[in-house]
Amino acid sequence: MVKLRLPDGRELEAKIGESILEQIPPESGLVAKVDGRLVDLTWIVREGVGTIEVLNFNSPEGRETYWHTSSHILAQAVKRLFPDAKLGIGPAIEEGFFYDFDLGGRSFSPEDLERIEGEMRSIVEENLPVVREEMEREEAIKLFRSMGEVYKVELLEEMDEDVVSVYRQGEFVDLCRGPHLPYTGYVKALKVLHASSAYWRGDERNPVMQRVYGISFPTEEELKRYLKMREEARKRDHRIVGPQLDLFSMPSELIGPGLVIWHPKGARIRRVIEDFLVRVHLKWGYELVYSPHIAYTNLWRTSGHLSYYRDFMYVFEKEGIEHAVKPMNCPFHILVYKSKRRSYRELPMRLFELGTVYRYERSGVLHGLLRARGFTQDDAHIFTTPEKLEEEIFRVIELDEYLMRSFGFEEFKVEISTWDPRHPEEYMGSEEDWNRAQYALEEALRKKGYEYEVMEGEAAFYGPKIDVKLVDSIGREWQLSTIQLDFNLPKRFNVTYVDADGNEKTVIMIHRALLGSIERFFGILLEHYAGNFPLWLAPVQVRILPVAERHLDRAREVLDRLLSAGIRADLDDARGTLGYRIRESELEKIPILLVIGDREVESGKVAVRRKGKGNLGSMDLDVFLREFTEEFLPPDLRGGSSTF
RNA sequence: GCCCCGGUAGCUCAGCUCGGUUAGAGCGCCGCCUUGGUAAGGCGGAGGCCGCGGGUUCGAAUCCCGCCCGGGGCUCCA
């Protein structure tokens with residue numbers, strides 16, 4: 001007896017020898033899972049299999065199938081409109097699907113995309129059955145060769161399988177592992193999103209394919225909601241919001257691509273962040289250092305970076321000596337350490353710098369603040385003994401968590417990159433070094449109670465590392481913190497300490513950047529909050545709005561009180577209607593507005609308006625200050641003795 | 001770096017297909033009026049190397065070529 005479980009949890013007894021599709025309510029599922037394997041709904045139920053689980057759009061497999069069939073519909077539409085197009089591949093992706101086509105040198109215009117979308121709708125309308133067919137690989141090669149599908153032939157020729165599957169819908173046939181929806185009519189709402197180009201199999205030596213992206217859903221409402229969310233994400237794009245709020249700009253045509261100028265308001269936020277970082281690091285036992293922006297290229301020859309990093313460095317010559325703008329801070333921190341002989345008693349030594357570096361990133365990868373050519377790392381290098389490594393890692397993770405929570409991020413994902421034990425020759429350091437270090441990393445995470453994923457073979461040749469990703473307010477993941485162990489630089493620079501036994505030993509070095517880059521972090525923060533920074537970060541925390549010019553005197557008194565209390569406040573000039581000025585301030589995303597009119601002048605109170613909450617009513621200025629004292633302050637200064 | 005698309009006022013965009021009056025709109029900015037109570041008061045005005053350079057033409061924002069910059073991807077990210 002075989003059970004059949006529907007997406008709503010109901011269980012039926014499956015009839016042997018009939019397809020799943022015939023036995024379930026119409027359109028109640030998309031695909032099924034049998035013994036861990038995904039099958040088409042047209043699959044014929046056999047004796048002796050486990051429970052058949054029918055999946056719908058709410059499951060990842062259901063969505064993937066939905067989008068995969070959608071991509072076939074896309075390909076079919078393109079073949080109808082552009083019979084000469086050669087098919088590449090067309091998978092479902094995290095959100096939606098794409099299909100690659102070789103158009104023989106031309107590309108799709110926006111009008112083409114509209115026609116394609118229209119043709120896709122026709123194919124859905126035709127409700128074509130999607131039929132799986134298995135055949136010998138050789139037979140498939142013949143089939144696709146006869147159709148002129150050279151890319152399919154190439155894929156087939158590289159496959160190991162003797163038998164492959166193809167899927168047919170109407171006149172269209174595609175090489176595909178499946179599974180698929182039973183009919184094209186299962187796709188209810190679809191949208192062709194955009195086209196771009198991509199290389200066949202991601203290799204720029206290969207021909208260029210035209211890639212068309214699309215999305216589809218079981219209902220129009222879901223499609224609409226998706227498109228609206230896309231629009232939301234686009235609207236909070238830091239490259240739009242940043243200049244809009246007058247925080248920064250990147251006038252690349254004047255100063256070059258990938259470089260940022262910080263406007264007063266952005267600079268205020270940045271300064272608050274940097275001051276916070278410096279205070280916290282000092283509290284956590286780091287020492288603050290500074291290092292120059294340029295040095296002889298020889299320095300990076302010693303570190304070994306120059307040979308394979310040179311193309312990414314800004315190199316120039318003065319009086320016959322080659323200099324470079326620093327692409328990293330590590331060698332300088334090593335030189336601080338090496339300025340004298342060090343004892344084990346001094347370790348761990350933690351050197352912290354807000355170090356601005358420049359890297360000549362390839363133009364195609366630049367992306368606003370998220371990938372710039374000049375950026376400032378919250379960079380530290382920790383020199384430690386092997387004995388203290390684990391505790392030190394633990395402390396770094398603890399600091400990292402404190403910082404992330406302070407900035408309003410609650411969800412983290414942690415990965416450890418380890419070496420590939422099958423190829424120890426590709427790595428620097430002994431097996432003992434690696435095992436001990438990797439154990440220390442894992443042990444520190446376990447003690448912290450973090451779940452983590454081990455990425456075997458992902459480590460750099462010079463040491464294992466921990467990566468921390470965080471999840472933002474709209475569910476996107478960002479790789480931020482890196483804690484990287486280094487067995488290489490200490491050897492190259494001969495970085496040692498004298499141990500308790502009087503012997504000179506090589507230190508273990510930890511590179512760590514927790515926010516990563518201030519620019520990038522700022523961009524992520526801006527999108528995370530959609531410009532609505534929490535009170536402690538807001539560039540203008542309070543704006544005072546006099547109702548009319550006759551209230552300006554009192555408004556100035558209030559301003560003085562706020563400024564001397566250390567609050568970032570400004571004063572509106574009382575021109576124009578109050579409604580208009582409130583609207584302006586709301587658009588500037590100022591968190592608190594204090595309205596002062598006749599009533600307030602008379603009573604000595606202020607009318608408080610909080611962004612997102614509206615009018616909170618009037619209160620005494622002292623009460624207001626007391627109420628918000630904590631919130632105005634950076635997290636590390638709250639709950640202390642500071643008073644207004 | 002490679003492929004595709006784009007660049008018009010401070011911002012968002014129309015005009016370009018098919019070359020031809022003085023290149024437009026909304027917002028913003030400036031001025032005047034309005035003295036206003038929690039998201040847009042009224043009237044007027046200024047503002048353009050139509051990305052840069054070259055070519056075709058009697059004539060180029062518009063057509064062609066090169067470059068710069070941006071966007072979407074591919075790739076890379078020790």
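None of these values were measured; they are calculated from a predicted model. Here is how names work: the chains are called A, B, and so on, in the same order as the sequence lines, proteins then strands, and each is numbered from 1.
Nucleotides A25(B) and C50(B) are separated by 16 Å at their C1' atoms, to the nearest Å. Comparing A23(B) with G51(B), their P atoms sit 15 Å apart, to the nearest whole Å. Spacing between A60(B) and C49(B) at atom C1', rounded to whole Å, works out to 14 Å. Comparing U12(B) with G28(B), their P atoms sit 15 Å apart, to the nearest whole Å.
Considering only side-chain atoms of Glu549(A), the nucleotide from G37(B), A78(B), U35(B) that sits closest is U35(B). The listed nucleotides are C74(B), G70(B), G37(B); the one nearest the side chain of Pro257(A) is G70(B). Nearest nucleotide to the side chain of Leu587(A), out of A39(B), C74(B), G41(B): A39(B). Of all nucleotides listed (A39(B), A78(B), G73(B)), A39(B) comes nearest to the side chain of Lys611(A). In the set U38(B), G1(B), A78(B), U38(B) carries the atom at the smallest distance from any side-chain atom of Ile582(A). Of the candidate nucleotides G37(B), C74(B), C69(B), C74(B) has the atom nearest to the side chain of Tyr199(A).
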Check the interface with nucleotides 43-48 of chain B: list each N/O to N/O pair with the protein under 3.5 Å, or write none.
none

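With respect to Arg554(A) and Glu600(A), no salt bridge is recorded, no charged nitrogen being found less than 4.0 Å from a carboxylate O. Between Arg422(A) and Glu456(A), at least one side-chain N (NZ, or NE/NH1/NH2) sits under 4.0 Å from a carboxylate O, which counts as a salt bridge.
Between His194(A) and G71(B), a side-chain N or O to OP1/OP2 separation shorter than 4.0 Å is absent. Checking the phosphate oxygens (OP1, OP2) of C4(B), no side-chain nitrogen or oxygen of Ser196(A) falls inside 4.0 Å. Distances shorter than 4.0 Å separate none of the side-chain N or O atoms of Arg575(A) from OP1 or OP2 on C33(B). OP1 or OP2 of C69(B) has not a single side-chain nitrogen or oxygen of Ser252(A) nearer than 4.0 Å.
Here Glu600(A) lies in heavy-atom contact (under 4.0 Å) with a base.
Under the stacking criterion of a centre-to-centre distance below 5.5 angstrom and an interplanar angle below 30°, Tyr580(A) is not stacked against the six-membered ring of A39(B).
Between the base of U75(B) and the side chain of Arg362(A) there is a donor-acceptor pair shorter than 3.5 Å. Judged by distance alone, with hydrogens and angles left aside, Arg359(A) brings no side-chain donor or acceptor close enough to the base of C77(B) to form a pair under 3.5 Å.
No side-chain donor-acceptor contact under 3.5 Å links Asp620(A) to the backbone of Val623(A).
Ring to ring, Trp434(A) and Phe487(A) are close: their centroids are under 6.0 angstrom apart.
For the pair Arg373(A) and Tyr358(A), the NZ or CZ position fails the cation-pi test of under 6.0 Å to the six-membered ring centre and within 45 degrees of the ring normal.
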